[in-house]
Amino acid sequence: MVNRAYLYSLDNRPVSYFDRPERASGLSEWPDTVPISYRILASGNTQICSSLIANGLEGAPDVKVYAINGEYDVGFARFLRFIDVIRFVSGSSHFEAPKLLDETISTRSFLDLHMNKYVQLETVELDILSGGDEAMMKEMVEAEASMCTWIGESIDALPSDTNEAAAVVYESSVKGAGPFAGLRFDDKYDAGRSPLGFRWSETLNFDMPTRAEFEETEGRD
């Protein structure tokens, strides 16, 4: 079984599994890790909230499962800045990246069309690898939330000049240190341990039912 991180747009910050959004959409899912794009999008006033894809764990229904929630407009603004910078890097003579350059355009269009009030990052499938201990799982979510905040603040701290910002990002990626460590700017941008994460879809392995859909399903049960 492949464990994934899931990203959604929605219009609330859930306080429980039953606190459903009025509007919601899938954005993306990724195996085995959390791509930097997810962290940037979830970086706006990041908070811990209730998971909406897991109500307890198998064999442990009372375990509280947490997720990460961020303000969409703040994260999206940072993401657009990030796209501008990586387009500058990947457009240089060092790289052959026609696919990446095209993908930044379609990525921006997809995220613009699916904008909502909040972004929800669900990492329960990754957190459960800790063994299902509630305290440990919460610590993992808190650490991921801190990572989202750090990445967002790092983008804010980039020089306003795109050429200078690109140099900072590229140096971090090459040295393997800092917020942009290990990123690739050629057409293998999603390979390796530090993917950009430019793979988008409304339909994910876990649906995100709206309040009306959820109540209808519960009523049938």
Side-chain angles (χ1 to χ4, degrees), residues 1-76 78-79 116-156 178-182 193-197 204-211 214 217-218:
M1 174 183 173
V2 176
N3 295 74
R4 298 177 174 89
Y6 300 90
L7 194 68
Y8 302 87
S9 67
L10 68 174
D11 62 1
N12 73 330
R13 279 191 152 151
V15 297
S16 76
Y17 176 78
F18 301 96
D19 184 16
R20 291 284 147 177
E22 299 294 337
R23 294 181 295 116
S25 173
L27 295 178
S28 184
E29 63 185 40
W30 204 269
D32 299 327
T33 192
V34 180
I36 190 172
S37 59
Y38 292 21
R39 290 170 171 160
I40 297 171
L41 289 166
S43 69
N45 189 21
T46 307
Q47 295 184 20
I48 304 300
C49 68
S50 174
S51 171
L52 290 177
I53 68 172
N55 185 24
L57 301 177
E58 185 177 352
D62 295 330
V63 169
K64 175 70 173 178
V65 182
Y66 297 91
I68 297 162
N69 188 288
E71 296 175 0
Y72 198 118
D73 58 346
V74 177
F76 187 48
R78 287 170 171 162
F79 188 75
N116 215 319
K117 191 171 183 180
Y118 298 105
V119 167
Q120 181 116 334
L121 173 56
E122 297 270 2
T123 59
V124 59
E125 287 191 1
L126 305 180
D127 305 332
I128 203 171
L129 298 176
S130 67
D133 177 77
E134 182 173 340
M136 180 63 71
M137 289 177 65
K138 185 176 182 181
E139 287 181 13
M140 293 178 70
V141 174
E142 290 172 340
E144 184 59 50
S146 296
M147 180 69 75
C148 294
T149 298
W150 178 52
I151 294 292
E153 291 174 347
S154 298
I155 291 175
D156 290 345
F180 311 106
R193 299 176 61 183
S194 301
L196 295 181
L204 308 184
N205 189 48
F206 283 100
D207 292 332
M208 179 65 70
T210 63
R211 181 179 300 276
F214 186 77
T217 301
E218 289 289 295

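- Taking 4.5 Å as the limit, every side-chain heavy atom of Thr123 sits out of range of all side-chain heavy atoms of Met140.
- Contact between Pro14 and Cys49 at its shortest, heavy atoms only, is O-CB, 3.3 Å.
- Of all heavy-atom pairs between Ser28 and Leu204, the closest is O-CD1, 3.4 Å.
- Annotation: side chain of Asp127 is in contact with side chain of Val141 (closest heavy-atom distance under 4.5 Å).
- For Glu22, the salt bridge (Lys or Arg N to Asp or Glu O under 4.0 Å) criterion is met by Arg211, not counting sequence neighbours.
- Scanning both residues, Glu122 and Ser51, for their nearest heavy atoms gives OE1-OG, 2.7 Å.
- Using a 4.5 Å heavy-atom threshold, the side chains of Met208 and Leu52 count as touching.
- Asp32 is not listed as a side-chain neighbour of Arg193, based on a closest heavy-atom distance of 4.5 Å or more.
- Taken from CG in Leu121 to CH2 in Trp30, the straight-line distance is 14.0 Å, to the nearest 0.5 Å.
- Between the side chain of Ser25 and the backbone N or O of Ser9, no donor-acceptor pair lies under 3.5 Å.
- Shown here for Asn116 and Ala24, the closest heavy-atom pair between the two residues is ND2-N, 4.2 Å.
- A donor-acceptor contact shorter than 3.5 Å is absent between the side chain of Glu29 and the backbone of Arg4.
- Judged purely by atom type and a 3.5 angstrom limit, Ser50 uses its side chain to pair as donor or acceptor with the backbone of Tyr17.
- Between Thr33 atom OG1 and Asn3 atom CG the span is 12.0 Å, to the nearest 0.5 Å.
- In this view, Asp207 satisfies the salt bridge (Lys or Arg N to Asp or Glu O under 4.0 Å) rule with no residue, not counting sequence neighbours.
- By the side-chain contact (heavy atoms from CB on, under 4.5 Å) test, Ser146 is found to be paired with no residue, residues two or more places apart in sequence or in another chain being considered.
- For the atom pair OH (Tyr8) and CG (Leu41), the distance works out to 15.0 Å, reported to the nearest 0.5 Å.
- Not a single salt bridge (Lys or Arg N to Asp or Glu O under 4.0 Å) links Glu71 to another residue, sequence neighbours left out.
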Distance-only donor-acceptor hits, side chain of residues 60-70, under 3.5 Å, sequence neighbours excluded:
| residue | atom | partner | partner atom | Å |
| --- | --- | --- | --- | --- |
| Asn69 | OD1 | Arg13 | NE | 2.8 |
| Asn69 | ND2 | Asn12 | O | 3.2 |
| Asn69 | ND2 | Gln120 | OE1 | 3.0 |

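- The structure places CZ of Phe79 at 9.0 Å from CD1 of Ile155, a figure rounded to the nearest 0.5 Å.
- With sequence neighbours excluded, the residues forming a salt bridge (Lys or Arg N to Asp or Glu O under 4.0 Å) with Glu144 are Arg39, listed by chain and number.
- Note that CZ of Arg20 is 12.0 Å distant from CG of Asp11, once rounded to the nearest 0.5 Å.
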Next item on the list: Might you work through the side chain to side chain contact (heavy atoms under 4.5 Å, CB included) test for Val74 and Asn45, ending with a clear yes or no?
Entry: CA-CA 8 Å; Val74 177; Asn45 189 21; over 6 Å; no

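- Closest of all the heavy-atom pairs between Tyr6 and Asn205 is OH-ND2, 3.3 Å.
- The backbone N or O of Gly197 sits less than 3.5 Å from a side-chain atom of Ser37, completing a donor-acceptor pair.
- Remark: Cys148 SG to Tyr38 OH distance equals 12.0 Å, nearest 0.5 Å.
- The shortest heavy-atom contact between Pro21 and Leu10 is CB-CB, 3.9 Å.
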